[in-house]
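Remarks on the structure that follows.
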Amino acid sequence: ILNELKEKVNEVKNIQEFQVLKSKFLGKKGEISNLMKQISKVEKEKRKEFGAFVNNIKKEAEELLNEAFENLKSKIKEEEEKKNWVDITLPGARRKIGYEHILKQTIREVYEIFSNIGYKIVEGPEIETTWHNFDALNTPEWHPARDMQDTFYIKDNIILRTHTSPVQVRTMLTHEPPLAIISPGRVYRKDEPDATHSPAFNQIEGLYIDKNVTVGHLKATLEKFLTMYFGGSRKVLLRPSYFPFVEPGYEVDVDCMFCGGKGCNVCKGTGWIEILGAGLVHPNVLKNVGYDPEIWQGFAFGTGVERIAMLKHGIADMREFYRNDMRFLGL
Ligand code: FA5
């Protein structure tokens, strides 16, 4: 019996097998219990000797099984530890960190530049009335920008704003002059998406109202802004242009800062890149919001956030901003 037990005890792999083995030898109907039952049947003279013999076997079997159980327990523990072993010298898994999207970053940078010279940030609704978006801005009924082909109409007089200029109107209606504001936000136009157009894009509007404001103030402000945004020392070129809400109105170019300036492709060989619309606030706009144009003047400008971000970061296609490319969003 003991030889058999010694052999089997070494083959036990887990607790279940151990229990089966234990009951085979020490259980109520096990082999050693059977032997114990034989004791009473043995002749009286030999009973004591046989009893002691059987008890020895039982004791030895118990010891063997106890020892096997201890071994089994430490083997299981060792395997558990091996399974859960961690190499603390390995480099940790790096957590991905999100990054401010370039468009948000651009808006923040522009705002930081202007907040340093006292401008406040103001936002307005993306769903606008035609009065705030066009009429108050001196845009006549016949103006092509009002056309259904250019503007998303929600109802008769309700549209998705086509520019950030209605924020000027809303601010002037609720605030007394003087004022200096910057208004970033999304605007909408029925433009086919291509490398330089999107039907939903972002603009930043600037408005400055004070006494004795001239084109000189506008030019100096834009030069300062573009120098701080693009770096270096930037020059601006004001080209006369027409926007109904300014007089005089300008398209503003910045001097080409790419591939050696003049002759560069980005600047179409002219040495200048168009970057802004601007002008002195039209007296009719001032009247529409209850400001006296004899006392107050001002300048306004508007630029495309995507366009200036593309120039600064060398992004060739505007659609890249909206494709959720992880390189735009992660570090
Ligand atoms: C305006 O929207 C005027 N409100 C700007 C202005 C403000 C002029 C104050 C005078 C005084 P314009 O339509 O040119 O102007 O648009 C301004 C800028 O928005 C453009 O220079 C361009 O950078 C950007 N832009 C225009 N259309 C799109 C488009 N579909 N996708 C992306 N950017 C566009």
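Index from 1, following the sequence. Note that ligands are numbered from 1 as they come in the structure, with each ligand's atoms numbered from 1 the same way. Note: hydrogens, waters and symmetry copies are ignored here, and every other heavy atom, side chains too, is used.
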| request: Go through the structure and list residues passing side-chain hydrogen bond (donor to acceptor under 3.5 Å, both in side chains) with Y291, not counting sequence neighbours. | output: none

| request: For F245 and ligand 1, answer yes if some heavy atom of the residue is under 4.0 Å from a ligand atom, otherwise no. | output: yes

| message | What I want to find out is whether R319 reaches D325 closely enough, with some N-O distance under 4.0 Å, to be called a salt bridge. | response | no

| request: For atom 19 (O) of ligand 1, grab the closest protein heavy atom and report residue, atom and distance to one decimal in Å. | output: Q203 NE2, 3.3 Å

| Side chain, backbone, both or neither: which part of E306 comes within less than 4.0 Å of ligand 1 when only heavy atoms are counted? | neither

| said: Checking salt bridge (charged side-chain N to carboxylate O under 4.0 Å, His left out) between E128 and each of R186, R170, R161, which is the one that passes? | reply: R170

| query | Taking the six-membered ring where the residue is Trp, are the ring centres of F301 and F114 under 6.0 Å apart? | reply | yes

| Lys/Arg-Asp/Glu bridge criterion (N-O < 4.0 Å) met for R189, D150 | no

| field | Closest to atom 14 (O) of ligand 1 among F299, F243, F321 (heavy-atom distance) | value | F243

| said: Centre-to-centre under 6.0 Å for F245 and H163, is that the case here? | reply: yes

| query | Which heavy atom of the protein is the closest neighbour of atom 31 (N) of ligand 1, given with residue, atom name and distance? | reply | S198 N, 3.0 Å

| said: Under 4.0 Å from a heavy atom of H197: which atoms of ligand 1 are those, numbered in the order shown and with their elements? | reply: 29 (C), 30 (N), 31 (N)

| task | Considering only non-hydrogen protein atoms, determine which one is nearest to atom 33 (N) of ligand 1 and report residue, atom name and distance to 0.1 Å. | result | F201 CD1, 3.2 Å

| Nearest-contact summary for atom 5 (C) of ligand 1 - protein heavy atom, Å | G302 CA, 3.9 Å

| field | Contacts of K211 that satisfy side-chain contact (heavy atoms from CB on, under 4.5 Å) - sequence neighbours left out | value | I295, W296

| said: Can you tell me which residue among I204, V122, L207 is in a side-chain contact (heavy atoms from CB on, under 4.5 Å) with I182? | reply: I204

| task | Decide side-chain contact (heavy atoms from CB on, under 4.5 Å) for I308 and V110; before the verdict, give the C-alpha distance in whole Å, the side-chain angles of both, and the deciding distance to 0.1 Å. | result | CA-CA 10 Å; I308 60 170; V110 175; 4.0 Å; yes

| request: List the closest protein heavy-atom neighbour of atom 23 (O) of ligand 1: residue, atom name, distance to the nearest 0.1 Å. | output: R307 CG, 3.1 Å

| field | ligand 1 atoms in contact with D191 (distance to a heavy atom under 4.0 Å) | value | 27 (N), 29 (C), 30 (N)

| field | Whether M318 lies under 4.0 Å from ligand 1, heavy atom | value | yes

| request: Considering heavy atoms of the protein only, find what lies nearest to atom 13 (O) of ligand 1 and give residue, atom and distance to 0.1 Å. | output: R189 NH1, 2.9 Å

| Looking at ligand 1, does any of its N/O atoms fall within less than 3.5 Å of an N/O of E205? | no

| remark: Quick note on ligand 1: atoms under 4.0 Å from a heavy atom of S165 include exactly 4 (N), 7 (C)

| Ligand-residue contact atoms, ligand 1 with G304, heavy atoms, under 4.0 Å | 18 (C), 19 (O), 23 (O), 24 (C)

| task | Indicate, as side chain, backbone, both or neither, the part of H163 found under 4.0 angstrom from ligand 1 when only non-hydrogen atoms are considered. | result | side chain

| request: May I ask you to identify, for A278, whether its side chain, its backbone, both or neither come under 4.0 Å of ligand 1 on a heavy-atom basis? | output: backbone

| field | Nearest-0.5 Å distance that lies between atom CG in L21 and atom NZ in K8 | value | 7.5 Å

| query | Are the side chains of K41 and F50 in touch, meaning some heavy atoms are under 4.5 Å apart? | reply | no

